[in-house]
Amino acid sequence: MLDIKRVRDNFEEVKKMLLTRNEDLGNLDNFEPLDKKRRELIAKTEELKAERNKVSEQISVMKRNKEDATEVITRMRQVGDEIKTLDTELNAIEEEFKDMMMRLPNIPHESVPVGTEEDDNVEDYKWGNVPTFDFEAKAHWDIAKDLDIVDFERGAKVAGSRFLFYKGLGARLERALISFMMDLHADHHGYTEMLPPQIVNRDSLTGTGQLPKFEEDVFKLVREEDEVDFYLIPTAEVPVTNYYRDEILTVDMLPQAFTAYSANFRSEAGSAGRDTRGLIRQHQFNKVELVRFVKPEESYEQLELLTGHAEKVLQLLGLPYRKLKMCTADLGFVAAKKYDLEVWIPAQDMYREISSCSNFEDFQARRANIRFRREPNAKPEYVHTLNGSGLAIGRTVAALLENYQQADGSVIIPEVLRPYMGGVEVISAK
RNA sequence: GGAGAGUUGUCCGAGAGGUCGAAGGAGCACGAUUGGAAAUCGUGUAUGCGGGUAACACUGCAUCAAGGGUUCAAAUCCCUUACUCUCCGCCA
């Protein structure tokens, strides 16, 4: 959520910055009248409540002195009714106001390139050498099928489209990648390993920014007898960032860094027809996530650090990639600044997103109410939160299969993974 | 799933309609004491939203799990929900 004071004091400027995004700003133009009305009502009810509190005290004194308070009590009954009416009105306005605020995206950082479409993203650099093949490179879904390590058809039968089975060395490869990445981040990059719940409540999804605006993107679990809603997590970012929801941290805890593996569930509403084949876009996929809680003044250098940690995975796996600075139109809802890492996919002859690394500044911290104190008795401040994929596992498998494929249809396993593969150096057809 | 007991400030813990933003401890901060420390003593120590100020000061409202209700008045009474603990049942 944005700082209300900031929006109030710099309305036109904030609006201008938000308009550089490719986002619907909802009822933003209602901000000023709603805010004004809201504050008027607050002042009015508080005045009445102050009176009630004062007179109630008098009543208690009168009662103690055995005086007759009937007349005052009758008067206060009316004041009470008035308060109730105003409170109801205020609640409705507050709700409308809050809903509007919760649907406003974050303000882009000044270093973010202004753009109107995907093509306006700025490439920082490329890493690695794109492989050349003296045979016709196959798409990863064909490689996987020929090696019998992924079963898309039975995934569709058992669950539905965009679900799959990994099988044999495919399942082993998936598991090896998870372990390899977790070990790298935990042992060498200083992250604390975490295994979070994969179901969360509504407050958590609101805290990280998926709700209320992107309800259709998440899987909701409905049980008629329950009043509470549960959701399958779309990313481990949700449970891990909400780990500190409604808490005040001490300054020596910062920065706090977690790495977490989880399955991720996305409804992929609106993406019908896109990437229908292969591992790129599934309803359920695995991912190793990086999350950092940091001091505000450090968050941009921490973003570089975190992005570097994700890049390290690609480098160790020897996968060619490029780093993109996302433009204002492609930032998504919550990020103030975002880098995408895109891995080379030979059969598609293009780079595809495999990691997104973002600084949310205090946007999530405000929603989730995560703060810290610089001194034991100092006023709490919002932390800055960051996260990044380190990496998406399914897409990594796709990249490995395509980049390391051989003329005979086999796939070489990068050396760093072999200890995790029980020494397997190459996956060949049986 | 059944029965019961709980949920109060950073933590422990009192409080059972009015004098309660909340006793008492602990912790932490600052000061005194000390050669220095421990101990001791003193002072301070929640958050949010407003008003106010150059900034302080000062000041209003709200918050005792969450939401609703009763009442002139709720931490305290009633209802709903969540969570924790104990026992039973079921179970990977």
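Residue numbers begin at 1 in each chain, while the letters A, B, ... track the order of the sequences. From a predicted model like this one, the values you see are computed outputs, not experimental measurements.
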Salt bridge [X]-[Y], side-chain N to carboxylate O under 4.0 Å:
X	Y	result
Asp151(A)	Arg154(A)	yes
Arg367(A)	Asp203(A)	no
Glu268(A)	Arg266(A)	no

Expressed in whole Å, how much space separates the [atom1] atoms belonging to [N] and [M]?
N	M	atom1	value
G25(B)	G15(B)	C1'	15 Å
C64(B)	G17(B)	C1'	15 Å
G44(B)	U53(B)	P	28 Å
A22(B)	C30(B)	P	25 Å
C72(B)	G1(B)	P	40 Å
U47(B)	G52(B)	P	22 Å
U10(B)	U45(B)	C1'	10 Å
G13(B)	A75(B)	C1'	14 Å

Interatomic distance where [atom1] belongs to [X] and [atom2] belongs to [N] [whole Å]:
X	N	atom1	atom2	result
Leu86(A)	G60(B)	CG	C1'	16 Å
Ile42(A)	G51(B)	CD1	P	10 Å
Met101(A)	C49(B)	CE	P	12 Å
Met62(A)	U19(B)	CE	C1'	16 Å
Gln58(A)	U19(B)	CD	P	14 Å
Asp246(A)	U7(B)	CG	P	20 Å
Glu40(A)	C49(B)	CD	P	20 Å
Glu67(A)	G18(B)	CD	P	19 Å

What orientation do [X] and [Y] show, parallel under 30°, tilted 30 to 60°, or perpendicular over 60°?
X	Y	value
His189(A)	His309(A)	parallel
Phe258(A)	Tyr244(A)	tilted
Phe163(A)	His283(A)	tilted

For [X], report the nucleic acid contact type (base, sugar-phosphate, nothing); a contact means any heavy atom under 4.0 Å.
X	value
Asn53(A)	sugar-phosphate
Ala43(A)	nothing
Arg8(A)	sugar-phosphate
Lys5(A)	sugar-phosphate

Please evaluate the base of G60(B) for a donor-acceptor partner in the side chain of Glu46(A) within a cut-off of under 3.5 Å?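 Indeed, a donor on one side and an acceptor on the other fall under 3.5 Å apart.
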
How would you summarise protein contacts on nucleotides 66-79 of chain B per nucleotide, using B for base, S for sugar-phosphate only and - for none, with heavy-atom distances below 4.0 Å? ----S-BS------

For Glu215(A), does the CD atom sit with more than 12 other heavy atoms under 6.0 Å from it, leaving out its own atoms? yes

Closest heavy-atom pair and its distance - Asp68(A), Met62(A): O-CE, 3.3 Å

Against the side chain of Arg38(A), the closest entry in U47(B), G51(B), C49(B) is C49(B)

So if I take every side-chain heavy atom of Lys49(A) and compare against C61(B), G48(B), A46(B), which nucleotide ends up nearest?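 Nearest to the side chain of Lys49(A) among the choices is C61(B).
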
For Phe372(A), all residues meeting ring pair (Phe, Tyr, Trp, His ring centres under 6.0 Å), sequence neighbours excluded: none

Strand RNA chain B in bracket notation, Watson-Crick/G-U under 3.5 Å with | for pairs to another chain: ((((((((.[[[..)..(.....]]]((((((.......))))))((((((......)))))).[[[[[..)....]]]]])))))))....

What distance do Lys337(A) atom NZ and Leu386(A) atom CG have between them, rounded to the nearest 0.5 Å?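 The NZ atom of Lys337(A) sits 11.5 Å away from the CG atom of Leu386(A).
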
List the steps, then state whether ring-ring contact (aromatic ring centres under 6.0 Å, His included) holds for Phe165(A) with Phe152(A). CA-CA 6 Å; Phe165(A) 283 86; Phe152(A) 295 100; over 10 Å; no

Using heavy-atom distances to pick each residue's nearest nucleotide on RNA chain B, tell me which of Val61(A) and Lys54(A) is more 5'.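 By nearest-heavy-atom nucleotide position, the 5'-most residue is Val61(A).
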
Here's a test of your reading of the structure: between Asp35(A) and Pro380(A), which maps to the more 5' nucleotide of RNA chain B? Pro380(A)

